[in-house]
Amino acid sequence: MNKQLSHRVQSIKPSPTLAITARAKALRSAGQDIIGLGAGEPDFDTPDHIKQAAIAAINDGFTKYTEVDGTPELKAAVIRKLQRDNGLEYTPGQILVSCGGKHSFFNLTQALLNPGDEVIIPAPYWVSYPDMVLLAEGKPVIVEAGIEAGFKISPEQLEAAITAKTRLVVINSPSNPTGVTYSHAELKALGAVLETHPNIIVASDDIYEPILWSDEPFANILSLCPSLVERGVVLNGVSKAYSMTGWRIGYAGGPEWLIKAMKKIQSQSTSNPTSISQVAAQAALDGDQSCIQTMLTAFKERHDYVVERLNNIRGLTCLPSQGAFYSFPNCTQAISNLGQADDVAFCEHLITQAGVALVPGSAFGAPGYSRLSYATSLEILAEALDRIERACA
Ligand code: GLU
């Protein structure tokens, strides 16, 4: 039998964040004492008013196909959200609701990229951006910003990375995996570079928007640089804001020609996102937003605790961040102290010897680092950090 697979699938790897999460789960099921700090998902339950809306949808029989691009009601709620929180104005034809923020980005790359088109991705990056670009036969162009640069690229780096083939630039702030956030001035400076390159599409992945404790309120590059809106795509979803990762609802707002093409891809693949989840997402976007504050307060408290602890562990250095729920310590000294080959071996050491699962930084384009998700209780974090401390001693 010919087991030859496509070049596309052979060009990518399985999602490392999902793989580590699955591994921690499997080891726990096998009876091992593993603390999983790999998963990038809030540990809170989905708020009750959102669950009740979904239960009502099931009871009302709202269980059939919907419009491919999302129900008119949910799209209207998305439009209100983007207007209310981001000052961005969209019409229904400029909105596409998909099966999670990940799917929104996937549709974007599939609809936009031709073979060889370059996509600028600042590193550390979320694990799936480069692979989705590769699946669309594009070329990821990685621009690195280490801990010394606060994990943020400069306008000069952006300008230097742009070529005649650049088609898309991805900005993710607050960032997965570092939690750092670009200031308004920094985003405007990046925007000023992009304003001089009129053929580049700008994607702003705002999925961590509400999980933010910087001095400035949230703003994305499109709201700060209005001239980019006509070629900008805002990507967001309900997963992180409302602790709804399993419901799989993301959305994109952008120019109609591009959203229409993304919708075409979706119509030939998943069709509509789950009807029940759409009703839940509408309840989340239109409902009481105080549930976000509860999570935010907890994440900030955990952030302060985790960063302080990490910086007191031998061989680790960690930057304080302004949002999301990740810390991204530099582990190079600890790796060398322990005689480990690299961050992958270091994380393997932590999971097998200390029973703590972290994601190696190389998965995010940043070898020598690792990602710790603090979407778990302070008690569990304290135990995990005690274990890491002992493993690094
Ligand atoms: N975005 C989350 C993470 O980084 C969820 C898992 C994934 O799809 O990567 O862990």
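Along the sequence shown, residues are numbered consecutively beginning with 1. Counting starts at 1 for both ligands and their atoms, following the listed order.
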Check if Lys102 has a non-hydrogen atom at a distance under 4.0 Å from any atom of ligand 1. yes
Any nitrogen or oxygen of Gly40 lying under 3.5 Å from a nitrogen or oxygen in ligand 1? Just yes or no. yes
Does CD in Gln10 sit with more than 12 non-hydrogen atoms of other residues, nucleotides or ligands closer than 6.0 Å? yes
Taking only non-hydrogen atoms of Leu18 and a 4.0 Å limit, the atoms of ligand 1 in range are 6 (C), 7 (C), 8 (O)
Only one of Leu222, Leu187, Asp206 forms a side-chain contact (heavy atoms from CB on, under 4.5 Å) with Ile171, so which one is it? Leu187
Between the side chains of Asp386 and Arg390, is the shortest nitrogen-to-carboxylate-oxygen separation below 4.0 Å, so that they form an ion pair? no
Hey, does Ser128 come in under 3.5 Å of ligand 1, counting only N/O atoms on both sides? no
Evaluate whether atom NZ of Lys188 has more than 12 neighbouring non-hydrogen atoms of other residues, nucleotides or ligands under 6.0 angstrom away. no
Any heavy atom of Phe364 under 4.0 Å from ligand 1? The part involved is neither
Under 4.0 Å, heavy-atom basis, I'd like to know which part of Thr21 is in contact with ligand 1: side chain, backbone, both or neither. neither
Of the protein's non-hydrogen atoms, which lies at the shortest distance from atom 7 (C) of ligand 1, and what is that distance? Thr17 OG1, 3.3 Å
Using a strict 4.0 Å threshold on nitrogen-to-oxygen distance, state whether Glu348 and Arg23 make a salt bridge. yes
So which of Arg371, Glu41, Lys240 gets nearest to atom 10 (O) of ligand 1, if we judge by its closest heavy atom? Arg371
Can we say Lys81 and Asp286 salt-bridge, meaning some charged N sits less than 4.0 Å from an Asp/Glu carboxylate O? no
